[in-house]
Q: 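Submitted below is the structure of interest, expressed as structure tokens.
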Amino acid sequence: MNKNYKTLRLILGDQLNASHSWYREKDEQTLYLIAEMKQETNYVKHHIQKVCAFFLAMEHFANKLKNDGHHILHLTLDDTCSYHSLSDMIASLCKQYAIKHVEFQRPDEYRLYEQLHSLNLPENTSLKEWDTEHFLLGYHEIMELFPQGEHILMEHFYRRMRKRYNILMAEGKPCGGKWNFDKQNRNKIKPAELADIPAPLIFANPLSQVLKRLGQHGITTIGHYDDLLLWPVNVGQAQELLAYFCRYCLPNFGRFQDAMTNQTDHQWSLYHSRLSFALNSKLLHPMQVIDAAIDAYHDTERQIDIAQVEGFIRQILGWREYIRGVYWGNMPYYRDLDALDSHRKLPDFFWTGKTQMACIKAAIGQSLDYAYAHHIQRLMVTGNFCLLTEINPDEVDAWYLGIYIDAIEWVEMPNTRGMALYADNGIIATKPYAASGNYINKMSDYCCGCHYNVKQKTGGQSCPFNSLYWRFMHIHEKTLAKNPRIRMIYRSWDLLTDDQQQEVLDRAQYCLDNLSSL
């Protein structure tokens, strides 16, 4: 390795995009830096699989660039432990290698954006920011399309993106005659359909060296792990997982995308792509994923209908880009929003999965085992529970950000603080996504054999979601009853006598007073 370079280019752990224009030419005077740093392991307590996945993916990416002929400085925790901060490390390397220009790709997280725009560099060292060349909505458009504090309807944004990229369009109109097939995609998995669920494609990435470093440097984590990591950590594995999804899961993805079950060994994966880590670390480009899904749809042998492929593309082209727009259009003030003034602490079982509520036990247990849960488990099970029990959004943010392998703040925070907790007062959702046990029973088999009775609102065996739901609706009635999507729900509550209502509220209060023992 040279002792003198002109340019130092920093690659963050979620910027593993081998197609970036940086790498089109080899430059003997450019040094690429990719570094494991303790600050990235402890800003929240992360799942051990998440830390390992990022560190392994960074190592693979560094080796790829090196094999392609670029000059790479890959630093592990052993190498970076002496630096006090990211700024300290970069300044030190600038002096060590006589760097005159520091360059970085725009971070997706606000905290890293702040750090990189306040670097304390040696005198006469320039600083330049590049685009990540990953997202389908340019950053320069975000402030126009997502004004701070305003609710922007995702459906309208999604249609705009469909038209812009001519995806599932025919002569200016949506294929299939509709923009959205969501009503067809809300099926519960029946017992006879369990055997058809495909086994998930998993990988066997050795963890011993990463685990050794984490132990030596006292990195505290949550969750469970095996000696081999099942998640994709390089482009080849990510592409393999994408191909597997299109072949085996996409034909039923939309149909069962909201379904939950604990009656199969594949309950954690079902028909979901599990591509979010590969996408968010930029091993895959969103258009690469969309094109693969559309190619599979057009392959008549796959027998994929429009509802399946549209439901998937809406998540990538619509929701993912929309959430990023909300995040950057509203940061930094978004991270402090708490519209419902929620202050309770997370119950202990969020860290152990030990609870008598079957749905919570399944969702959290799965999260601890795999660092993964699908969107309905996150929104309508754990998220719904935190909404109804008024958990502090800061605590919920930290839990979601730490436990899920795909959780980077730009995608985690709006989904959690906005969609699940309604703490943003409707910037994302047009109403709180509050639900009783009936919704969970409708979309899953969790309630079968549960300690609690989903049909009961009161009494010691009644499902906690039921009384907590009606308490939530009751205390927020002045606000929520104004919403035309909610107003009719109150008719059921109003049919109860005062004594019956009070009995429900008393049961809810008992649940709140005894959260950790539910």
Q: Restricting to side chain to side chain donor-acceptor pair (under 3.5 Å), what partner residues turn up for Asp265, sequence neighbours left out?
A: none
Q: Which residues satisfy the side chain to side chain donor-acceptor pair (under 3.5 Å) test with His476, sequence neighbours excluded?
A: none
Q: Who are the side-chain contact (heavy atoms from CB on, under 4.5 Å) partners of Leu228, not counting sequence neighbours?
A: Ala204, Pro206
Q: Taking side-chain contact (heavy atoms from CB on, under 4.5 Å) as the test, write out the residues that go with Lys45, two or more places apart.
A: Thr220, Ile222
Q: Output all residues satisfying side-chain contact (heavy atoms from CB on, under 4.5 Å) with Asp506, sequence neighbours left out; order by chain, then residue number.
A: Gln502
Q: Centres of the Phe253 and Tyr271 rings: under 6.0 Å?
A: no
Q: Ring-plane angle category for Trp268 and Tyr370, please: parallel below 30°, perpendicular beyond 60°, tilted otherwise.
A: parallel
Q: May I ask you to check whether Phe465 and Tyr469 place their ring centers less than 6.0 Å from one another?
A: no
Q: Check side-chain contact (heavy atoms from CB on, under 4.5 Å) between Glu321 and all other residues, then give those that pass, not counting sequence neighbours.
A: Phe135, Leu136, Leu137, Phe157, Met161, Pro286, Arg324
Q: Any pair with a residue in residues 205-221 that passes salt bridge (charged side-chain N to carboxylate O under 4.0 Å, His left out), sequence neighbours left out, goes on the list, sorted by first then second residue, please.
A: Glu36-Arg213
Q: Run the ring-ring contact (aromatic ring centres under 6.0 Å, His included) test against Tyr158 and tell me which residues pass, sequence neighbours left out.
A: none
Q: Please collect all salt bridge (charged side-chain N to carboxylate O under 4.0 Å, His left out) contacts where either partner lies in residues 424-451, sequence neighbours excluded, each pair once.
A: none
Q: What pairs of residues pass the salt bridge (charged side-chain N to carboxylate O under 4.0 Å, His left out) test when at least one of them lies in residues 385-398, not counting sequence neighbours?
A: Arg344-Glu390, Lys345-Glu395, Glu390-Arg471, Asp394-Arg417, Asp397-Arg417
Q: Among pairs that include at least one residue of residues 401-414, which meet side chain to side chain donor-acceptor pair (under 3.5 Å), considering only residues two or more places apart or in two chains?
A: Ser276-Asp406, Tyr327-Glu409, Ser367-Tyr404, Arg378-Asp406, Glu412-Thr416
Q: According to the salt bridge (charged side-chain N to carboxylate O under 4.0 Å, His left out) rule, which pairs have a member within residues 350-374, sequence neighbours left out?
A: none
